[in-house]
2 protein chains.
Amino acid sequence: MIADDSNRGGRATRRSRDDVVDAALDLLDRVGLPDLSMRRLADHLGVQPSALYWHVENKQQLLAAVSARILGPVSADHADGATLDVAARDVAVRLHDSLLAYRDGAEVVSSSLALGLVEPPAHARLRAVALERGEPAALADTIGDAITHFVVGFTFHQQQRRSADAWGAASGGVAASPERIADGDDGDDDGFTAALDLIIAGATTVLAGGATQHPAPRR
Amino acid sequence: MIADDSNRGGRATRRSRDDVVDAALDLLDRVGLPDLSMRRLADHLGVQPSALYWHVENKQQLLAAVSARILGPVSADHADGATLDVAARDVAVRLHDSLLAYRDGAEVVSSSLALGLVEPPAHARLRAVALERGEPAALADTIGDAITHFVVGFTFHQQQRRSADAWGAASGGVAASPERIADGDDGDDDGFTAALDLIIAGATTVLAGGATQHPAPRR
DNA sequence: ACCTGAACACCGTTCAAGT
DNA sequence: ACCTGAACACCGTTCAAGT
């Protein structure tokens with residue numbers, strides 16, 4: 001009886017594609033990737049499962065859109081002027097933080113990246129820096145690849161371990177020693193920093209003209 | 001009527017856990033990970049789906065066993081004497097090859113690794129080398145982490161792209177330029193080598209005492 | 001333009017019961 | 001010790017039809 005064509009109070013409004021992606025991100029953070037089904041998402045939106053397919057082509061594409069949202073902060077506000085290796089460290093840290101900001105963020109991004117459904121998050125920024133500095137774009141891509149794959153893989157592992165021993169550890173597997181989990185400062189941030197330092201050291205060395213030459217397509 | 005307790009000719013014998021893992025590897029290579037279901041695997045073995053659960057605790061553990069098999073060649077025959085950075089490159093190349101040896105190998109290993117259900121494939125070897133050379137074990141682990149996550153992530157991407165444009169490319173996504181796919185020598189092996197060189201250069205630099213110090217737990 | 005209802009072709013896992 | 005049969009509680013996706 002009442003005019004419900006504007007979204008006052010509650011439900012009953014029509015949804016946009018962005019609303020669906022918002023809801024997916026929200027549900028991801030609440031229940032985790034294994035429980036993020038199209039049917040639960042539909043429930044969460046107060047809609048039939050089939051309705052989702054008007055907004056989104058399939059689940060993979062939805063997860064790609066979710067990935068793009070997770071990766072948003074990585075390429076925000078430039079104001080660079082840095083060298084390639086310094087920019088690389090910065091982008092790596094931002095990527096790490098962005099992945100950790102959502103439950104199972106690294107896993108979602110890992111598969112979208114592998115499927116080629118999102119842009120590699122480091123490349124645009126590093127290419128821009130390379131251009132400024134007269135460094136070859138191929139070198140920026142190489143550094144971007146090393147950074148991206150390492151950070152995503154490491155964070156994936158890290159995030160699984162966190163939710164594993166948050167839920168109680170229990171049985172099976174190689175097992176992680178049950179130590180300080182308490183304060184968000186779990187010991188493996190050291191491992192992350194150390195390995196990242198190693199890769200950055202590689203970038204610095206190569207920039208200084210040492211050891212390795214950039215791609216140089218044979219033939 | 002005939003004694004069927006020895007495996008003559010065909011089916012009808014009882015299966016061991018190893019047989020199940022064998023069959024899973026075989027089926028993985030035939031149909032790929034998305035189509036490797038417990039039910040199809042049961043079919044492949046001539047058995048009811050429920051029978052699998054006598055041999056294996058669940059699907060994740062089965063895939064962990066599959067991962068361990070895929071990773072077998074990585075830690076085979078030592079005969080080292082090499083420096084840490086040289087051993088690291090060797091182990092990276094072996095890992096890459098092993099992952100490529102099975103369809104969706106990198107994806108399977110990626111998740112088993114993240115879940116902590118398989119040993120990181122580079123660590124044992126690199127620790128042994130570090131011990132021989134009087135290098136700290138923590139440095140071996142750092143190099144192992146950088147190598148493993150990079151190689152697995154890169155190969156995952158590479159393998160998805162291969163099967164994507166093997167099947168016809170079609171629609172959607174960021175897209176890979178349709179060029180030489182022909183001879184197994186797809187252009188991105190260059191990208192792999194370049195980024196691996198970068199990481200190894202980092203290891204060499206750190207070994208020479210440059211730029212970065214190994215972990216050193218703060219406090 | 002956006003959504004419902006109903007169906008299709010599947011999943012992983014459990015568990016009593018058989019041999 | 002190893003497996004069957006049957007069930008439970010789900011999946012992603014399609015498609016005609018409604019408004």
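In what follows, chains carry the letters A, B, and so on, assigned in the order in which the sequence lines appear, proteins first and then strands, with residues in each chain numbered from 1.
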Using the closest heavy atom to pick a nucleotide of DNA chain D for each, name whichever of B/Arg39 or B/Ser16 lands nearer the 5' end.
-> B/Ser16

Dump the intermediate steps for side chain to side chain contact (heavy atoms under 4.5 Å, CB included) on A/Asp19 and A/Thr13, then the final yes or no.
-> CA-CA 11 Å; A/Asp19 292 336; A/Thr13 345; over 6 Å; no

All stems that DNA chain C takes part in, i.e. 3 or more consecutive Watson-Crick or G-U pairs with distances under 3.5 Å, are C:4-8 with D:12-16, C:12-16 with D:4-8

Evaluation steps, side chain to side chain contact (heavy atoms under 4.5 Å, CB included), between B/Glu119 and B/His123 = CA-CA 8 Å; B/Glu119 275 329 317; B/His123 286 57; over 6 Å; no

Within a strict 4.5 Å, meaning less than it, do heavy atoms of the A/Leu115 and B/His157 side chains meet?
-> no

Under a 4.0 Å heavy-atom criterion, DNA chain D is touched by chain A from D/dC11 to D/dC15

When the P atoms of D/dC10 and C/dA9 are considered, how many whole Å apart are they?
-> 22 Å

Is the closest basic N to carboxylate O distance between B/Asp90 and B/Arg94 below 4.0 Å?
-> yes

salt_bridge(A/Arg30, A/Asp26) N-O dist < 4.0 Å | yes

Describe the nucleic acid contact of B/Ser50 in one word from base, sugar-phosphate, nothing, applying a heavy-atom distance below 4.0 Å.
-> base

When you check the gap from the basic side-chain N to the acidic O, do A/Asp22 and A/Arg17 get nearer than 4.0 Å?
-> no

Taking only residues two or more places apart in sequence, or in another chain, which ones meet A/Phe154 in a ring-ring contact (aromatic ring centres under 6.0 Å, His included)?
-> A/Phe150, A/Phe192, B/His149

Just call it for A/Arg40: base, sugar-phosphate, or nothing, with non-hydrogen atoms closer than 4.0 Å on any strand.
-> sugar-phosphate

Report yes if some heavy atom in the side chain of A/Leu126 is under 4.5 Å from a heavy atom in the side chain of A/Asp141; otherwise report no.
-> no

